[in-house]
Amino acid sequence: MDKYYPIMVNIQNKRCIVIGGGKVALRKTKTLLKYGAKVTLVSPEIDEEIKKLFHKNKIEIIKRNYEYGDLEGATLAYIATDNEQVNELVLKESNSKNILVNCAKNPEDSDFIIPSSIKKGPLSISISTEGKSPMLAKKIKEDLELIFKDEYETFIEELGKIRKMAIDNIDDIKVRRELFKELVYGSLLDDFMDNDIDDLEDEMRRIYMKYKMGSNTKTHRKR
Ligand SMILES: C[C@@]1(CC(=O)O)C2=NC(=C\c3[nH]c(c(CCC(=O)O)c3CC(=O)O)Cc3[nH]c(c(CC(=O)O)c3CCC(=O)O)/C=C3\N/C(=C\2)[C@@H](CCC(=O)O)[C@]3(C)CC(=O)O)/[C@H]1CCC(=O)O
Ligand SMILES: NC(=O)c1ccc[n+]([C@@H]2O[C@H](COP(=O)([O-])OP(=O)(O)OC[C@H]3O[C@@H](n4cnc5c(N)ncnc54)[C@H](O)[C@@H]3O)[C@@H](O)[C@H]2O)c1
């Protein structure tokens, strides 16, 4: 049975606790901030980059050793210390409180692991090797970045607009599917990437109108 179930989690404004203040803690913290989490970090020693985040009011810091109870109120917990005994104690607390935990040192103790990921506007591509080789996950990300370029962001934003219009105005799901098929599987994206399209929005709307006109729907929505 596969162990890790991939999901997209909204962590905006959720409290996430990082135990440890070194390089790994910094990397995890930066990712959490990118996704709008409220980060509290507990560690006696703090990396210089982490201090900068604190001075910019991006995170809270508790400058001491971890103590039982520090995970109170956490949605997610991250263990990034170099001390096995501390890690054990944090694991005990997270397990007893059902707080999902990531342990950088011992992935087998983790409830979740962090994939390498590409973000282009609404597009997310995550790569995981289930901890077998984080470096390979990073390389695959770099390879995929050559394919999934910035144009994808605009393309997906425009697709989102047309899809909403189609759901509101074209009742027949078969017609909608045909429309989406032409937009997604047709040559539109390639043409856009090759700079062969002046105005993507116009072009998508032209295709949309073709399907809308062909589907004399709108008024007889089936219940
Ligand atoms: C993807 C990424 C996300 C992130 O952390 O933000 C991430 N590691 C990254 C990079 C990276 N990490 C390491 C190297 C050095 C080379 C190497 O060892 O390969 C490099 C490469 C580099 O830095 O160039 C060392 C390392 N990593 C782990 C251990 C412990 C162990 O394996 O026992 C050790 C050994 C420590 C030691 O030797 O002491 C464990 C984990 N690292 C994971 C994620 C999870 C599984 C991901 C997957 O499913 O593949 C997992 C299981 C748990 C977790 O941390 O969530 C990020 C890429 C960022 C990017 O994409 O740019
Ligand atoms: N998952 C990954 O991607 C990855 C990558 C490299 C290393 N690691 C592993 O993660 C661990 C951390 O790596 P690092 O490079 O950040 O180490 P580091 O030495 O830079 O940092 C360790 C941090 O732990 C803190 N710490 C020690 N005792 C503590 C306690 N009682 N309470 C709270 N904090 C405490 C220290 O103050 C320090 O800030 C190491 O064990 C390493 O093997 C994981």
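Atoms within each ligand, like the ligands themselves, are counted from 1 in listed order. For the numbers below, each heavy atom of this structure counts, side chains included, while hydrogens, waters and symmetry mates do not. Source: prediction; values computed, not measured.
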For residues 14-42, run the donor-acceptor check on the side chains, cut-off 3.5 Å, and write out each pair with its distance to 0.1 Å, sequence neighbours left out.
{"unit_1": "R15", "atom_1": "NH1", "unit_2": "T40", "atom_2": "OG1", "d": "2.9"}
{"unit_1": "K23", "atom_1": "NZ", "unit_2": "D47", "atom_2": "OD2", "d": "2.6"}
{"unit_1": "T29", "atom_1": "OG1", "unit_2": "A25", "atom_2": "O", "d": "2.7"}
{"unit_1": "T31", "atom_1": "OG1", "unit_2": "R27", "atom_2": "O", "d": "3.1"}

Protein residues having a heavy atom less than 4.0 Å from any atom of ligand 2: I19, G20, G21, G22, K23, V24, R27, V42, S43, P44, E45, N65, Y66, A80, T81, D82, V86, A104, K105
Listed pairs under 3.5 Å, donor-acceptor, residues 146-154 side chains, sequence neighbours left out:
{"unit_1": "D150", "atom_1": "OD1", "unit_2": "K120", "atom_2": "NZ", "d": "2.9"}

Could you give the N/O to N/O pairs under 3.5 Å linking ligand 1 and the protein, each with its distance?
{"unit_1": "ligand 1", "atom_1": "5 (O)", "unit_2": "R27", "atom_2": "NE", "d": "3.1"}
{"unit_1": "ligand 1", "atom_1": "5 (O)", "unit_2": "R27", "atom_2": "NH2", "d": "3.0"}
{"unit_1": "ligand 1", "atom_1": "5 (O)", "unit_2": "K28", "atom_2": "NZ", "d": "2.8"}
{"unit_1": "ligand 1", "atom_1": "6 (O)", "unit_2": "R27", "atom_2": "NE", "d": "3.4"}
{"unit_1": "ligand 1", "atom_1": "8 (N)", "unit_2": "R27", "atom_2": "NH2", "d": "3.4"}
{"unit_1": "ligand 1", "atom_1": "24 (O)", "unit_2": "K138", "atom_2": "NZ", "d": "2.9"}
{"unit_1": "ligand 1", "atom_1": "33 (O)", "unit_2": "K105", "atom_2": "O", "d": "3.4"}
{"unit_1": "ligand 1", "atom_1": "49 (O)", "unit_2": "S128", "atom_2": "OG", "d": "2.6"}
{"unit_1": "ligand 1", "atom_1": "49 (O)", "unit_2": "T129", "atom_2": "N", "d": "2.9"}
{"unit_1": "ligand 1", "atom_1": "49 (O)", "unit_2": "E130", "atom_2": "N", "d": "3.1"}
{"unit_1": "ligand 1", "atom_1": "49 (O)", "unit_2": "G131", "atom_2": "N", "d": "3.1"}
{"unit_1": "ligand 1", "atom_1": "50 (O)", "unit_2": "T129", "atom_2": "N", "d": "3.1"}
{"unit_1": "ligand 1", "atom_1": "50 (O)", "unit_2": "T129", "atom_2": "OG1", "d": "2.6"}
{"unit_1": "ligand 1", "atom_1": "55 (O)", "unit_2": "K28", "atom_2": "NZ", "d": "2.6"}
{"unit_1": "ligand 1", "atom_1": "56 (O)", "unit_2": "K28", "atom_2": "NZ", "d": "3.4"}
{"unit_1": "ligand 1", "atom_1": "56 (O)", "unit_2": "N102", "atom_2": "ND2", "d": "2.9"}
{"unit_1": "ligand 1", "atom_1": "56 (O)", "unit_2": "I114", "atom_2": "N", "d": "3.0"}
{"unit_1": "ligand 1", "atom_1": "61 (O)", "unit_2": "S116", "atom_2": "OG", "d": "2.4"}
{"unit_1": "ligand 1", "atom_1": "61 (O)", "unit_2": "K141", "atom_2": "NZ", "d": "3.1"}
{"unit_1": "ligand 1", "atom_1": "62 (O)", "unit_2": "K141", "atom_2": "NZ", "d": "2.8"}

Lys/Arg N to Asp/Glu carboxylate O, R205 vs E201, below 4.0 Å: yes
Side-chain donor or acceptor of N83 paired with backbone N/O of V86 under 3.5 Å: yes
Salt bridge flag under 4.0 Å for residues K63 and E45: no
Ion pair check, E88 and K92, cut-off under 4.0 Å: no
Main-chain N/O of Q12 paired with N10 side-chain donor or acceptor, under 3.5 Å: yes
E142 with K139: basic N within carboxylate O range, under 4.0 Å: no
Salt bridge flag under 4.0 Å for residues R206 and D202: no
